[in-house]
Visitor: 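So that we are looking at the same thing, I have put the structure below in C-alpha cells.
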Amino acid sequence: MAAIRTISFDGVIVGGGGAGMRAALQLAQSGYKTAVISKVFPTRSHTVSAQGGITCAIASDDPNDDWRWHMYDTVKGSDYIGDQDAIEYMCSVGPEAVYELEHMGLPFSRTEEGRIYQRPFGGQSKNFGEGGQAARTCAAADRTGHALLHTLYQGNMKNNTVFFNEWYATDIVKNQDGAVVGVIAICMETGETVYVKSKATVFATGGAGRIYASTTNAHINTGDGIGMALRAGFPVQDIEMWQFHPTGIAGAGVLVTEGCRGEGGYLINKDGERFMERYAPNAKDLAGRDVVARSMVLEILDGRGCGPEGDHVFLKLDHLGEEVLESRLPGICELSRTFAHADPVKEPVPVVPTCHYMMGGIPTNVHGQALTRDASGNESVIPGLYACGEVACVSVHGANRLGGNSLLDLVVFGRASGLYIENALREGIELRDASDTDIDAAMSRLDKLNNSAGGEKVADLRKELQNTMQNHFGVFRNGEFMQEGIKKLADLRDRIEGASLEDKSMAYNTARIEALELHNLFEVAEATAITAEERKESRGAHAREDFTERDDENWLCHSMYFPGDKRVEKRAVNFEPKTVDTFQPKARTY
Amino acid sequence: MLQVSIYRYNPESDSEPSMQDFQVDTGGKDLMVLDVLELIKGQDTTVAYRRSCREGVCGSDGLNMNGVNGLACITALSETVKDNKLIIRPLPGLPVVRDLVVDMSMFYAQYEKVQPYLLNNSPAPAIERLQSPEEREKLDGLYECILCACCSTACPSFWWNPDRFIGPSGLLQAYRFLADSRDTATDERLARLDDPFSVFRCHGIQNCVNVCPKGLNPTRAIGHIRNMLLSKAT
C-alpha cells in the first residue's frame, strides 16, 4: 500500500536547467501553481557550462540576416533528419525568445552600436550557404550559459516559482489510463519520498553524456528523464546520435568552446599543419562538429597526433593576441591554464573529440508534448507528459547539432511547452487520480534498492559501462564491434540492477542517488547501442566503417526505440515547414 | 599515499562530528581535490559532498581545504597539500547537513534579499535594450559570480551576522544590478541596503577577495555601494 505524502501542482517541471526554468517561468507568470524539482540548486545545472553562445538571427552583426538562413544551416547540419517544421519554429521564434532574455537582464556582450555581440560559429552561412560565413551566435563573453542560467533563475525568483532544490525524481507515476500524473521524488536532505502529483509533468532533465568515459558533461548528466521514460514503456527517438565535440581538453574532457575557432583559432597536427583545410576546404575549422571531430580522429589514427602518445591535436589561439583572448575568451584561458596547464596566450591547447551532446531523446511535437506510437503504428500524444531541452527530441538537431543551437532549443521549446500547458490548464485538464497500486508500481525500483543486499560497487559498474560505450560506440562505429558491445551491455544489466547500496541512511545519501542514476545511465546506453547497430548507414554524428555512405533511400528517417521488446522502428521526418519551401536533402559538404 | 582527513557527520547516527582518515593512491598525479574525493567515495560510499560540473563554473563543491575555502574541482593537490596531508572540512559558519554538505539557506536568503534581477518598468523595446560596450564592461567582475559561498563563509562579519549582513556574495550581486545601465531601480535598491548591518558590517578584511575561485573582488563592489549610499545621504 502506498503510504507516502502527496503534494499537488498544476505543473511540475523536472529539471532546473535552462529548459526547465524557461518553462517554469512561463507557467509561474501565468499564475498556475508551478514547481520545479531539481537534483541540484538550479544554477548548478549543466546549462551553466555552455560557453560560446546562443545562435539566433537577431541581425546585429549583419543587418540583413534572416532566420531562414539559420534554418537552412540547421537543416543541413542535421544531415536532413531534423524536422523542418520544428526547425522553422525555433529559428523564427528565436529572436523574440532571445530579446526576452535580454530584457530579463542577461548581460550579453555588446557591439559599438549597443546591440548584442554575435560571433561566427561552425556550420553558419549567409544566403542559404551561398554568402559565406555568418556570425550569428549571441554571446556573453564565453560564459553565455552561465549568464543565461543565472538570469532565468533570477527571473523565476522574481515570479515566485516554487523550487524543490536537491530533490531527485525517481520514476513516473502513470494512472490506469496510461496518462502521466506526476513523479515519485526524494528530498535529498531528509530522505523523505513523496508523490508529486501534477496535471502536466515536464521533463527537462538534460543529457546523459556520462554514459561515456570521456565527456564534457557534468557528473549530474545521467539521463534521468530518458531512464524514467523508458522504464515507463515510452519510446525514445534518434538516441544513437551522440555529438562528439571537437575540442574537449585532452585527458580532462573539459569543454573548449567552438567560439575559439569562431574568433579565429584553428586546429593543427604534430607537423603544425592546419589540417582542416584538407577535409573542409571552404569552412575549414568551422565545418560541422561531426566533420571536424572525424577529421581529428583520422589525423590521430594516421600518426599525426600531438604529444608523446600522439593521442590529441592542438588548438592554436596565441595568434589572436592577449587582448582578444582575455576579453572574448576569458573563461577558456582560465580552463586551459587549470586543466591543460597551457596558457593559450603563449601555447596551443591539447584537444580531442569528447562526448558532448545527445541529439536524440523523448520525441515531442513543437508544443513539447511527448509522443508515442501503438503496435499498429498510430502516433499519439502521451497525456500529461512533456519534454524540452536536451532530453527531448523535437527534433531540431537531427543527426548533428550546430553550435549555439542547444541554448536556443532549450529557451524556445521551454517557452513553447510553458505556453501550451498554460492554455491547456486554462481549458481544463482532467486526468484520473493515480491509485495506490499505480503509486506502488512507480515506487518499486526504489523499494527494491532500499531493500537490497550485496551486489557490486556502483562506481566500478559505472566505470565498466562508460568504458564499454567509449570503446564500442565512439566517433567511428562498426557492426561487429557494436554487437560485441551490446553483448557486454546485456551482461551488465543484471549486475547494474543488483548494484549494492550498503548505506541505507536517509539524510543526504548520495550513494542512493548515484545507484539510481546508474540505472538511468544504463537505460540510455542500451538504447543507444541497439539503435546505433540498427542504423546501417553513416549520417551526421553516426559514422560507420561498414556503411560509410548516407543512405537516403532507407534511412532518411528518425529511429524510434521501444524499451519493452527493444525494437527499433523508423519514423518519418517532417519535410513540411509552414512558411518556407522544403529544404531538399543534398550532399553535405563544408 | 596521500593522507586525507575528512570531516564526518551523519545526523542520524552521530551525536557529534569527527574527522576520518583515508589513504589515497594518487598515482603520483597532481589531481584535483574533487578527484581525490571521488577516489575516497570509491572506498567508502557513505562520504557525502556536492559536485556537478567539475570545471569550476557551477559552484557546487565549495569546501574548506587545509584551512582555505575554494572549489574542490579546480584546486590542484600541489596548491593545497602540505606535508602530504589534506584536511577537508565543510565551508565554515553554516549548519552541516551531513559530512561536507552544508545548509546554504541563509546564504541564498541574503542573495534573494538584494532582488538580484533587472528592474526596469519602462516598456521593453521590440529588440534588445541598447547598452554600450563601456556600460557593459561595468558588469565584468560582477556577473561571473557562481554562488559557491566560498567568500561569505570566509567572512567573519558574515559568521557573526549571517541574518543581517548580506555578505560579500550578495553584495557583489547587489552592485551588479546597481551598475547595470538597464536597471532603473537604483534608489529603491539603495534604500533597501541603507541600514547599519546590510552593507556597513563589512570591515574590509578582504578574506572574500583572497578566496574567490573566480578571482572576483566583492570588497571593491562593497566600496562602490558604500560610496553610493554616502553620496545619497549628503
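Here is how names work: the chains are called A, B, and so on, in the same order as the sequence lines, proteins then strands, and each is numbered from 1.
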Visitor: Which bit of F41(A) is near chain B, if near means a heavy-atom gap under 4.5 Å: side chain, backbone, both or neither?
Guide: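 Side chain of F41(A) only, per the 4.5 Å heavy-atom cut-off to chain B.
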Visitor: Tell me, side chain or backbone of M506(A) under 4.5 Å from chain B's heavy atoms, or both, or neither?
Guide: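 The answer is both parts of M506(A).
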Visitor: Would you check if S505(A) and N10(B) make a side-chain contact, meaning some heavy-atom pair closer than 4.5 Å?
Guide: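 In short, these two side chains touch, coming nearer than 4.5 Å.
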Visitor: Check whether any side-chain heavy atom of T510(A) sits under 4.5 Å from a side-chain heavy atom of K41(B), and report yes or no.
Guide: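 A side-chain contact exists here, since the closest heavy-atom pair is under 4.5 Å.
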Visitor: To the closest 0.5 Å, what do you measure between CD1 (I220(A)) and OG (S60(B))?
Guide: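 Spacing of CD1 (I220(A)) from OG (S60(B)) equals 7.0 Å.
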Visitor: Out of Y108(B), Y49(B), F177(B), which one racks up the most heavy-atom pairs below 4.5 Å with chain A?
Guide: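 Max contact count across the listed options: Y108(B).
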Visitor: Quick one: which of N165(A), L149(A), V458(A), T216(A) has the most heavy-atom pairs under 4.5 Å with chain B, could you say?
Guide: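 Option with the top pair count is T216(A).
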Visitor: With a 4.5 angstrom heavy-atom cut-off, which part of R210(A) approaches chain B: side chain, backbone, both or neither?
Guide: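 Interface part for R210(A): side chain.
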Visitor: Measuring heavy-atom distances to chain B, does L106(A) have an atom under 4.5 Å in its side chain, in its backbone, in both, or in neither?
Guide: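 Contact with chain B involves the backbone of L106(A) alone.
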Visitor: Kindly compute the distance separating OG1 (T43(A)) from OH (Y111(B)), expressed to the nearest 0.5 Å.
Guide: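 Taking OG1 in T43(A) and OH in Y111(B), the distance rounds to 7.0 Å.
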Visitor: Please report the closest heavy-atom contact between H103(A) and P125(B), naming both atoms and the distance.
Guide: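 Taking every non-hydrogen atom into account, CE1-O, 3.2 Å.
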Visitor: A quick test of your reading: do over 12 heavy atoms of other residues, nucleotides or ligands sit less than 6.0 Å from CD of Q23(B)?
Guide: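 Counting neighbours around CD of Q23(B), more than 12 heavy atoms of other residues, nucleotides or ligands fall under 6.0 Å, so yes.
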Visitor: Go through it in stages, so that I can follow the logic: the residues are Q154(A) and L118(B), the test is side chain to side chain contact (heavy atoms under 4.5 Å, CB included), and I'd like the CA-CA distance, side-chain angles, deciding distance and then a yes or no.
Guide: CA-CA 9 Å; Q154(A) 294 160 352; L118(B) 197 77; over 6 Å; no
Visitor: If you measure from the Lys or Arg side-chain nitrogens to the Asp or Glu carboxylate oxygens, is any gap between E135(B) and R110(A) under 4.0 Å?
Guide: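 The answer is no: the pair does not qualify as a salt bridge.
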Visitor: Using non-hydrogen atoms only, which part of R51(B) is less than 4.5 Å away from chain A: side chain, backbone, both, or neither?
Guide: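 Both parts, backbone and side chain.
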Visitor: Heavy-atom distances under 4.5 Å only: say whether P116(B) touches chain A with side chain, backbone, both or neither.
Guide: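 Both parts, backbone and side chain.
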Visitor: Contact part of E79(B) toward chain A, heavy-atom cut-off under 4.5 Å: side chain, backbone, both or neither?
Guide: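 The answer is neither part of E79(B).
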Visitor: Taking side chain as everything from C-beta outward and backbone as N, CA, C, O, which of these in H146(A) sits under 4.5 Å from a heavy atom of chain B? Side chain, backbone, both or neither.
Guide: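 Interface part for H146(A): side chain.
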Visitor: Could you look at L335(A) and say if it's the side chain, the backbone, both or neither that has a heavy atom under 4.5 Å from chain B?
Guide: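 Just its side chain gets close to chain B.
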Visitor: With a 4.5 angstrom heavy-atom cut-off, which part of T111(A) approaches chain B: side chain, backbone, both or neither?
Guide: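 Contact with chain B: backbone only.
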Visitor: Given a strict heavy-atom distance threshold of 4.5 Å, which part of A126(B) is in contact with chain A: side chain, backbone, both, or neither?
Guide: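 Just the backbone, heavy atoms under 4.5 Å.
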Visitor: Under a 4.0 Å threshold between the charged nitrogen and the carboxylate oxygen, would E55(B) count as salt-bridged to R143(A)?
Guide: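 So R143(A) does not pair with E55(B) through a salt bridge.
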Visitor: Is R136(B) close to chain A through its backbone or its side chain, or both, or neither, when contacts mean heavy atoms under 4.5 Å?
Guide: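 R136(B) touches chain A through side-chain heavy atoms alone.
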Visitor: Output, in order, the C-alpha distance, side-chain angles, deciding distance and verdict of side chain to side chain contact (heavy atoms under 4.5 Å, CB included) for Y117(B) and H150(A).
Guide: CA-CA 9 Å; Y117(B) 33 79; H150(A) 281 252; over 6 Å; no
Visitor: Before giving the answer on side chain to side chain contact (heavy atoms under 4.5 Å, CB included), spell out for Q51(A) and V57(B) the whole-Å C-alpha distance, their side-chain angles and the decisive distance to 0.1 Å.
Guide: CA-CA 10 Å; Q51(A) 298 171 350; V57(B) 295; over 6 Å; no
Visitor: Indicate whether any N or O donor in one side chain lies under 3.5 Å from an N or O acceptor in the other, for K457(A) and T45(B).
Guide: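 There is no such pair between these side chains.
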Visitor: Please determine whether side chain to side chain contact (heavy atoms under 4.5 Å, CB included) holds for the pair M32(B) and F339(A), giving the CA-CA distance in whole Å, both sets of side-chain angles, and the decisive distance to 0.1 Å.
Guide: CA-CA 9 Å; M32(B) 298 295 175; F339(A) 288 100; 4.0 Å; yes
Visitor: Side chain from CB out, backbone as N, CA, C, O: work out which of these in S45(A) comes under 4.5 Å of a heavy atom of chain B, or both, or neither.
Guide: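 No part of S45(A) comes within 4.5 Å of chain B.
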Visitor: In terms of heavy-atom proximity below 4.5 Å to chain B, should A252(A) be classed as side chain, backbone, both, or neither?
Guide: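 Interface part for A252(A): backbone (N, CA, C, O).
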Visitor: What part of L34(B) lies closer than 4.5 angstrom to a heavy atom of chain A: side chain, backbone, both or neither?
Guide: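 Only the side chain of L34(B) comes within 4.5 Å of chain A.
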Visitor: So for atom NZ, which belongs to K138(B), do other residues, nucleotides or ligands contribute more than 12 heavy atoms lying within a distance under 6.0 Å?
Guide: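 Check fails, neighbour count at 12 or below.
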Visitor: Count the heavy-atom pairs under 4.5 Å between each of E134(B), M104(B), Q115(B), E144(B) and chain A, then report the option with the highest count.
Guide: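 The residue among E134(B), M104(B), Q115(B), E144(B) with the greatest pair count is E144(B).
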Visitor: For the interface with chain A, which of N120(B), I146(B), L119(B) has the highest count of heavy-atom pairs at distances below 4.5 Å?
Guide: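 That would be I146(B).
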Visitor: If we define contacts as heavy-atom pairs under 4.5 Å, which of T338(A), I58(A), T151(A) has the most with chain B?
Guide: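 Of the options given, most contacts go to T338(A).
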Visitor: Give the minimum heavy-atom separation between A140(A) and Y143(B), together with the two atoms involved.
Guide: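 Minimum heavy-atom contact is O-OH, 4.2 Å.
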Visitor: With only heavy atoms counted, which part of E96(A) is less than 4.5 Å from chain B, the side chain, the backbone, both or neither?
Guide: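 E96(A) has no heavy atom closer than 4.5 Å to chain B.
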Visitor: Could you have a look at E166(A), E334(A), E189(A) and say which one has the most heavy-atom pairs with chain B under 4.5 angstrom?
Guide: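 Heavy-atom pair counts peak at E166(A).
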Visitor: What part of L139(B) gets within 4.5 angstrom of chain A, counting heavy atoms only: side chain, backbone, both, or neither?
Guide: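 The side chain, not the backbone.
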Visitor: Where on E100(A) is there a heavy atom nearer than 4.5 Å to chain B: the side chain, the backbone, both, or neither?
Guide: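 Neither part.
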Visitor: Is the number of heavy atoms from other residues, nucleotides or ligands under 6.0 Å of R337(A) CZ greater than 12?
Guide: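 Yes, the 6.0 Å shell around CZ holds more than 12 heavy atoms from other groups.
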Visitor: Would you call R98(B) and D503(A) a salt bridge, taking side-chain N to carboxylate O under 4.0 Å as the test?
Guide: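 Salt bridge present between R98(B) and D503(A).
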Visitor: Measure the spacing between CD of E102(A) and CD1 of I127(B) and express it to the nearest 0.5 Å.
Guide: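 CD1 of I127(B) is found 9.0 Å from CD of E102(A).
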Visitor: S52(B) and A218(A): which non-hydrogen atoms are nearest, and at how many Å?
Guide: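 In terms of heavy atoms, the two residues are closest at O-CB, 3.3 Å.
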Visitor: Determine the option with the most heavy-atom pairs under 4.5 angstrom with chain B, choosing from P107(A), A459(A), A141(A), S327(A).
Guide: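 Of the options given, most contacts go to P107(A).
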Visitor: Answer yes or no: is there an ion pair linking R115(A) with E128(B), defined by an N-O contact shorter than 4.0 Å?
Guide: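 Salt bridge flag = yes for E128(B) with R115(A).
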Visitor: Between S500(A), G145(A), S49(A), which residue shows the highest count of heavy-atom pairs closer than 4.5 Å to chain B?
Guide: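 Of S500(A), G145(A), S49(A), S49(A) has the most heavy-atom pairs under 4.5 Å with chain B.
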Visitor: Drop me the distance from T46(B)'s OG1 to E502(A)'s CD, to the nearest 0.5 angstrom.
Guide: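 Atom-to-atom, T46(B):OG1 and E502(A):CD are 9.0 Å apart.
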Visitor: Under 4.5 Å from any heavy atom of chain B, what part of N509(A) do you find: side chain, backbone, both or neither?
Guide: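 The answer is both parts of N509(A).
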Visitor: Which bit of E112(B) comes within less than 4.5 Å of chain A, counting heavy atoms only: side chain, backbone, both or neither?
Guide: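 It is both, since atoms from each part get that close.
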Visitor: Can you tell me if K504(A) has over 12 outside heavy atoms packed within less than 6.0 Å of its NZ?
Guide: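 Yes - once you tally the heavy atoms of other residues, nucleotides and ligands closer than 6.0 Å, there are more than 12.
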Visitor: Would you say E137(B) has more than 12 foreign heavy atoms packed within less than 6.0 Å of its CD?
Guide: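 Atom CD in E137(B) is not packed in, count stays at 12 or less.
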